[in-house]
Amino acid sequence: MTFDGDLYLTKDLTKSTAAALAGAIKNGDVTSTEVTQAHLDRIAKVDEKVHAFLHIDAEGALTKAAEVDAKRARGEELGPLAGVPLALKDVFTTKGVPTTCGSKILQGWLPPYDATVTRRLREADIVILGKTNMDEFAMGSSTENSAYGVTHNPWDLTRIPGGSGGGSSASLAAFEAPLAIGTDTGGSIRQPASVTGTVGVKPTYGGVSRYGLVAFSSSLDQGGPCARTVMDAALLHAVIAGHDPMDSTSIDLPVPDVVGAAQLANIEGMRIGVVKQFDGEGYQEGVRQRFHEAVQTLRDLGATVVEVDCPSFDYALPAYYLIAPSECSSNLARFDAMRYGLRVGDDGVNGVEEVMALTREAGFGPEVKRRIMLGTYALSSGYYDAYYGSAQQVRTLIMRDFDRAFADVDVLVSPTTPTTAFKIGERADDPMAMYLADLCTIPTNMAGNAGMSVPVGLAPEDGLPVGLQIIAPAMADDRLYRVGAAVEAAMNTKWGHPLIEEVPSL
Ligand code: GLN
């Protein structure tokens, strides 16, 4: 096996990009079985320390890999990511494969169907290695709310890998998978990407089907691609995006040319807005420093940078913590002990309501219960207008701020998250501190447009990754990739790729 000529092609299969692996499989330099086995071996070696996976489907993965190899042997055309392994967040249903959403209440549940995202991955011949750890029902910013234990950040095992998709981001940073899927309701793709030095994209709401994505907050949830490079994320985006009649909020328009945009990687003449609200007090010094350097890089690459005022963004976080819990209190009502997973107290004496109550008491963790209570309260008849209604009005104001901004600029930028990865346990007992991790990412979910986090170096004070957030208008996801790829190339020249060498802790 000889790989050379490309910075990202390495002899160690687990260190290569998805694009390079797909090319090598297509050329016959390596088989999908070898690539898949290399990643399974890597998982066996390091996942005890990282705990990115809740379920490893070695048999399913190797079967799929063998199918891809057979296809190639028959001379059949292979797709752009055929044979490449992927880690799937445990919030997408997988037929016959456990899907827990990080919750005890779904322990033992085997979904009878595949999510649309899962189906598209399979149809693209992508090899699903297993299901990744997450905050229970995607509620959290650290993966500490999983009922199945925490995931550790490969950069420093004492720190969080972000959340709720910490298993997916950690699997990439630990070289356990070159591709992963996350979901982003308030930042759960972008914030984990930021703190692990990886790339994560929240597509436009409706751009990727939610069918089979277990709902947290339906008007905010969005599945999206995670990878170690912008091009790999683009290739994966192209696989999972597109109209789905099974999701009534799915957008029936052509998918923006994200791969072409990543190839272009040129931002000359673009207008870029720096969000005034996302800087200053509360932001870690090293995050600010790397962010401002990245903004200078945008100028050096030929973009015009202006400051943009989005005053309603100050209210995004409180409004989110009314809307998301309200929707979750309704969505999670389906976990009634009758249909899925856990059932507690079914002794022939307890009535149905007691069984439901006992099951929900035992099956949901504290953060999920907190949100259900908040949401039930905000939706109750006496408080609906004051809380839920006001939050929806704030949402409209946020959309107007975006509309005004995008009348003048092509994309907006900010730090992805105010700090680098914090220590495990540091914010576990302080929900407000935890919620602040998504300060910069939430407005995008509220408005339904698209966002990316791309690494822009390490904070000098702690040596941990910093992410730049890029925000584009709805259905202009391609702009994220154009800017992201340009920034990535400039950063690689400056620092080297953050994840091309072995991460320090493993
Ligand atoms: N951290 C945010 C929350 O706890 C966002 C989660 C997400 O995007 N799924 O709700």
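Atoms within a ligand are numbered from 1 in the order they appear, just like the ligands themselves.
By the 4.0 Å N-to-carboxylate-O rule, K202 lies too far from D184 to be salt-bridged with it. Using a 4.0 Å cut-off between a side-chain N of Lys or Arg and a carboxylate O of Asp or Glu, R404 and D401 qualify as a salt bridge. Between D336 and R339 there is a salt bridge, since at least one side-chain N of the basic residue sits less than 4.0 Å from a carboxylate O of the acidic one.
Protein residues with a heavy atom closer than 4.0 Å to ligand 1 are A138, M139, G140, S141, S164, D184, T185, G186, G187, S188, F216, Y320, Y321, R371, D438, listed by chain and number.
Annotation: Y315, atom OH; neighbour count of heavy atoms from other residues, nucleotides and ligands within 6.0 Å does not exceed 12.
Cation-pi geometry between R427 and F422 is satisfied (NZ or CZ under 6.0 Å from the ring centre, within 45° of the ring normal).
The list of ring pair (Phe, Tyr, Trp, His ring centres under 6.0 Å) pairs with a residue in residues 90-121, not counting sequence neighbours, reads W109-Y340, Y113-Y211.
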